[in-house]
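This report refers to the structure that appears directly beneath it.
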Amino acid sequence: MKKPKFINKKWLVILVISLILITFSFLDEQKSIAARTIVLALSLDKTGEEYEVGIQVLKTDKEQKQEFLSYFATGDNISDIFEHLSYDTGSTIALCHATALIVSQEVLNNDDNKAMNFFFEGEVLCNNTMVVTSKQSPREVLSPTLSNGVGSGYFLGQVLHNMTGDFGIIPMTIKDFFKNKYHIGSCVYLPCVSLEKDGETTYLDITESYVSDGTKGVILSEDATKGLSLVLNKISNGTIPYQYESSVGEVDIVKSKGDIKIEKTDNVAKLQIKATLKDNTYVPDKINEDLCKEYVGEKINSYIKECFDTCKEAGLDVFFIGQRCYAYRNELYKDPAYLDKIQLDIDVKINMK
């Protein structure tokens, strides 16, 4: 009696060959991954016609000890710089996991987006990579290891990714950076960080912002940055402390958003900004709730006014007024000096639960 044939010899050969090819393909893929340098954060600066690019990576030795390392290279072509960095690190540079790109103010204002276009149009970075600028050079901010043992560039990216709907700094992804560049006025806002030391402790201060239109820029103070977030950001987290005589109170923001309207009469445009807060609050004894609202309202008003006045004086349309005029067929934006014809009218409404 013949034994049944469970498989044809021809298909057996094909199956064996397929298994061999899949195995080698898998091993080759593992080799490819191992042969790449995963960049956690990077920096970009410019001096004259030359760029300086820095990368921060995490290396692990045979004893599983981890160390954050930084590499820097210069040149007049970004692609050539990355080839140089690949040579220095001993493997191909991979940027798809980079959490933050630290850009100098020189690049933001005097490069016509050439270097930034390389990162965005070439799709070498993920759309959610955070873009920041710094008071010190990007190299100084990227390279240190902070007191918590984490590389500063990587830590910066992680912190900004968790700042969603906070009162103050508005994180800026590279995707939104370029979206804002194409608005009328080409104005972008991004966090402005500073590396600080307190004795033996090294930390990052992330409380201010920087506004640029590609040719000029200005730093917004911590208060002005809060005003920017109140107008442009939907806030769901943050506190506003206040004091009346010897008593101290605090407003916890649970919901806030700005509403911008532009009315034009007699060649003067009125910028109406409504900042509405819905909040839980601790109101100290002997303080009238109406006085609390008045005090907090005055603080919010001053934040927004400082932000607007600082940018207006520098000729920067941070509230995208020109774009809003265009959207509502208001031809004010065609006037090169349209910012000078804006009158600020701020209306703050606070609902304390």
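These numbers come from the heavy atoms of this one structure, side chains and all, not from hydrogens, waters or symmetry mates.
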How long is the straight-line distance from [atom2] of [Y] back to [atom1] of [X], given to the nearest 0.5 Å?
X	Y	atom1	atom2	value
L95	T37	CG	OG1	10.5 Å
N237	K255	CG	NZ	15.5 Å
Q323	Y328	CD	OH	11.5 Å
T74	E50	OG1	CD	5.0 Å
N110	Q105	CG	CD	10.5 Å
C325	I342	SG	CD1	6.0 Å

K216: which residues meet the side chain to side chain donor-acceptor pair (under 3.5 Å) condition with it, sequence neighbours left out?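 By the side chain to side chain donor-acceptor pair (under 3.5 Å) rule, K216 matches D213.
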
Between [X] and [Y], is there a donor-acceptor pair closer than 3.5 Å when you use the side chain of the first and the backbone of the second?
X	Y	value
D176	K179	no
D112	K114	no
Q136	L195	yes
N233	I235	no
T129	L125	no
T310	C307	no
T225	G168	no
K257	L232	no
D317	I321	yes
E49	D76	no

Donor-acceptor pair between [X] and [Y] side chains, under 3.5 angstrom:
X	Y	answer
S143	S70	no
S104	D45	yes
Y51	D111	yes
E196	T202	no
T92	S86	no

Does atom [atom1] ([X]) have a neighbourhood of more than 12 heavy atoms from anything else shown, all under 6.0 Å?
X	atom1	result
Y189	OH	yes
K305	NZ	no
F178	CZ	yes

Looking only at non-hydrogen atoms, find the nearest pair between [X] and [Y] and report the distance.
X	Y	answer
I169	P191	CG2-CG, 3.7 Å
S152	L146	CB-CD2, 3.7 Å
G153	A41	C-CB, 3.4 Å
S229	D166	CB-O, 4.4 Å
H161	N128	CE1-O, 3.0 Å

Heavy atoms, side chains only, cut-off 4.5 Å: are [X] and [Y] in contact?
X	Y	value
F177	F119	no
F155	L40	no
S209	I219	no
C192	K135	yes
C187	F319	no
I260	R324	yes
Y154	T99	yes
V57	Y71	yes

- Message: Please evaluate residues K312 and D309 with respect to the criterion salt bridge (charged side-chain N to carboxylate O under 4.0 Å, His left out), reporting the C-alpha separation (whole Å), side-chain torsions for both, the decisive distance (0.1 Å), and the verdict.
- Response: CA-CA 5 Å; K312 180 179 178 180; D309 289 346; 6.0 Å; no

| said: Applying salt bridge (charged side-chain N to carboxylate O under 4.0 Å, His left out) to E52 and R139, what does each step give before you reach the verdict? | reply: CA-CA 9 Å; E52 180 185 68; R139 171 193 277 259; 2.8 Å; yes

Self-check item: side-chain hydrogen bond (donor to acceptor under 3.5 Å, both in side chains) partner of S221, the single match among E208, E306, K226
Solution: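 Option passing the side-chain hydrogen bond (donor to acceptor under 3.5 Å, both in side chains) with S221: E306.
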
Check: Can the ring centres of Y333 and Y338 be said to be less than 6.0 Å apart?
Finding: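 Between Y338 and Y333, which both carry aromatic rings, the centre distance is not below 6.0 Å.
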
Margin query: Given V103, which partner from the list L190, L108, I174, V132 fulfils the side-chain contact (heavy atoms from CB on, under 4.5 Å) test?
Written below: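 Single side-chain contact (heavy atoms from CB on, under 4.5 Å) partner of V103 among L190, L108, I174, V132: L108.
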
